[in-house]
Each structure stands twice: as structure tokens, then as C-alpha cells.
Amino acid sequence: MAEGREHREYRMEELAREAGITVRTLRFYRERGLIQPPRREGRIAWYDDHHLARLRTITGLLDRGHTLNGIADLAATFDSGRDVAEVLGLGEPTEETPVRLTPEKLADYFADEATAENLSAALDLGYLATDGDEIVHISRRLLEVSAELVREGVPLSAVLSSGRLVREHADALAAHFVRVLRTHAADTDPDQLRTLAHAVVDAELSMALDRQLRDDDAPRPAPDLRGQDT
DNA sequence: ATTCTTACA
DNA sequence: TGTAAGGA
């Protein structure tokens with residue numbers, strides 16, 4: 001019979017055996033903060049599937065050449081990350097599809113750019129969230145684009161900074177569209193607003209890119225993007 | 001006697 | 001990271 005993913009608990013020796021490490025190594029990892037403290041019942045330490053998944057992740061990253069200290073940084077980053085339910089809320093009406101990733105897959109996307117600092121920034125931006133020992137990226141599109149930019153040589157830190165900037169402007173634009181709708185057409189279906197706003201921004205961005213790419217030898221200040229309301 | 005920690009190699 | 005010694 002195959003072992004279903006149960007919620008059983010393990011004592012040190014059993015957990016270590018399942019994870020393919022020694023008990024000494026297990027304690028070593030715990031001292032370095034690579035795994036969270038076990039549930040303590042008097043003298044004995046109880047570990048669960050959560051810890052087991054983490055241990056397998058650690059050995060996987062170790063095999064990929066990551067250093068223990070590096071993994072410790074990643075672990076700290078993930079443990080400090082908010083939970084997915086918190087970020088995704090109760091089914092927000094976004095068109096973006098989340099992507100579930102293992103830490104290894106994330107390393108595949110960004111290679112050595114997947115530093116603790118960058119991951120921390122991505123968590124802060126809300127791009128990434130932790131769900132158990134897995135990671136969730138809130139938008140497959142943003143994930144793919146980010147990976148592509150990194151492949152093109154853009155540092156991930158710069159990609160994330162750009163994301164933060166775009167986020168601010170997008171927030172301003174969205175706030176403006178909503179304000180206009182509520183002021184002049186309060187009865188309009190919000191879904192129509194999405195479509196119209198998308199079209200406006202897409203067209204304007206397209207033309208803006210044309211302008212920026214064309215006269216790059218004619219120095220010209222960037223157009224100001226500020227919501228000047230009452 | 002068992003389970004885990006401390007300390008040392 | 002292994003192991004011996006010791007607390008609970």
C-alpha cells in the first residue's frame with residue numbers, strides 16, 4: 001500500500017531515516033535554523049511532514065551546490081514570508097494565475113540570482129508567498145517575464161525595482177480609472193472598466209514606447225505621470 | 001530503558 | 001559530522 005500524505009509525526013530517528021540523513025545532521029540543521037523547531041512533548045521532539053519536506057528541499061539544494069549558510073538565508077526568508085491565503089485573500093478577481101513552485105524550480109528560473117535579498121524583496125512586493133514548504137508566485141506572466149529579463153542579463157534586483165515602480169504607477173492609474181467611473185458612470189459594470197482601462201493603458205504604453213525608442217539621441221525629459229486632482 | 005543534548009574529537 | 005557521556 002502506498003503511503004498517503006498523512007499528518008503523522010516523526011521522532012528524530014525516524015525523520016532522519018526518511019530524509020536520508022543522520023540524527024546528528026538533523027540536529028545540526030536545526031542549530032543553523034534551517035528547519036523550524038519541533039513540537040516538544042516533554043523530552044521528546046516531534047517532527048511532521050512539514051519538516052520532512054523541508055529536509056528534502058535542503059538536500060536537493062545541497063546537491064545543487066548551495067552552501068549551508070545560503071540555504072539558511074533562504075529558509076529564514078521563506079519562514080518570514082506571509083502565507084498564501086493572506087496574499088491571495090478570498091479569491092480576488094484578478095486575471096493572473098498563480099504558480100506553485102518548489103524552491104528548486106525557483107532556482108531553475110533565476111539561478112544564482114535567487115539570493116535571499118532578492119527573494120525577500122519579492123516577498124515584500126507580494127510577488128512570492130510561501131505555502132508550507134512550497135512557494136507561490138502570484139502571476140505566471142510576471143514570473144515568465146522576470147525570468148526572461150534575467151536571461152537577457154538584467155539583474156533580478158533591477159527587475160524587482162522596476163516591478164515596484166510599475167506597481168506604483170499602475171496603482172495610480174487604477175485609482176484614477178475607478179475615480180472617474182464612480183464620478184461619471186457609477187452604474188457601469190466594473191468588468192467593463194477593466195476592459196476599457198486595459199485598452200487605454202495598452203495603447204498609450206505602446207505609443208510611449210515608440211516615442212522613447214525613436215528619438216533616443218534627442219535628449220528629452222520623461223513625461224510626468226502624476227494624478228493632479230482637486 | 002529510552003530519547004535527546006552537551007561536549008569533545 | 002561521529003561519538004561518548006549524561007540529564008530527564
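Proteins get letters first, then strands, A, B, ... in listed order; numbering begins at 1 in each. Only this structure's heavy atoms are used, side chains among them; waters, hydrogens and symmetry mates stay out.
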remark   = Of A:R43 and A:L68, the one whose closest nucleotide on DNA chain C sits nearer the 5' end is A:L68
Protein and nucleotides 3-6 of chain C: nitrogen or oxygen contacts under 3.5 angstrom:
| unit_1 | atom_1 | unit_2 | atom_2 | d |
| --- | --- | --- | --- | --- |
| C:dT3 | O4 | A:R24 | NE | 3.3 |

By side chain to side chain contact (heavy atoms under 4.5 Å, CB included) - contacts of A:Q192 (at least two apart) = A:T188, A:D189
query = Can you list every side-chain hydrogen bond (donor to acceptor under 3.5 Å, both in side chains) pair that touches residues 57-74 of chain A, not counting sequence neighbours?
reply = A:R64-A:D108
message = Under the rule for side chain to side chain contact (heavy atoms under 4.5 Å, CB included), what residues qualify as partners of A:L193, not counting sequence neighbours?
response = A:F177, A:V178, A:L181
note = The correct list of stems in which DNA chain B takes part (3 or more consecutive Watson-Crick or G-U pairs, distances under 3.5 Å) is B:4-9 with C:1-6
task = Write out all pairs satisfying ring-ring contact (aromatic ring centres under 6.0 Å, His included) with one or both partners inside residues 18-41 of chain A, taking only residues at least two apart or from two chains.
result = none
request  = Flag the pair A:P38 / A:E9 as yes when at least one side-chain heavy-atom distance between them is below 4.5 Å, and no otherwise.
outcome  = no
request  = For DNA chain B, determine which residues of residues 25-39 of chain A have any heavy atom closer than 4.0 angstrom to one of its atoms, and list them numerically.
outcome  = A:R27, A:R30
request  = Please name all residues satisfying ring pair (Phe, Tyr, Trp, His ring centres under 6.0 Å) with A:Y47, sequence neighbours left out, ordered by chain then number.
outcome  = A:H51
Counterpart residues, side chain to side chain contact (heavy atoms under 4.5 Å, CB included), relative to A:A114 (two or more places apart) = A:F110
Same apolar cluster: A:W46 and A:L55, side chain cutoff 4.5 Å = no
N/O donor-acceptor pairs under 3.5 Å from side chains in residues 200-207 of chain A, not counting sequence neighbours:
none

request  = Applying side chain to side chain contact (heavy atoms under 4.5 Å, CB included), name anything that partners A:A158, two or more places apart in sequence or on another chain.
outcome  = A:V154, A:P155
message = Please check this pair: side chain of A:T25 against backbone of A:I21, looking for a donor-acceptor N/O pair closer than 3.5 Å.
response = no
inquiry  = With a strict under 4.0 Å distance from non-hydrogen atoms of chain A, what nucleotide opens and what nucleotide closes the contacted stretch of DNA chain B, reading 5' to 3'?
reply    = B:dT3 to B:dA7
query = For the atom pair CD1 (A:I58) and CZ (A:R32), what is the distance rounded to the nearest 0.5 Å?
reply = 11.5 Å
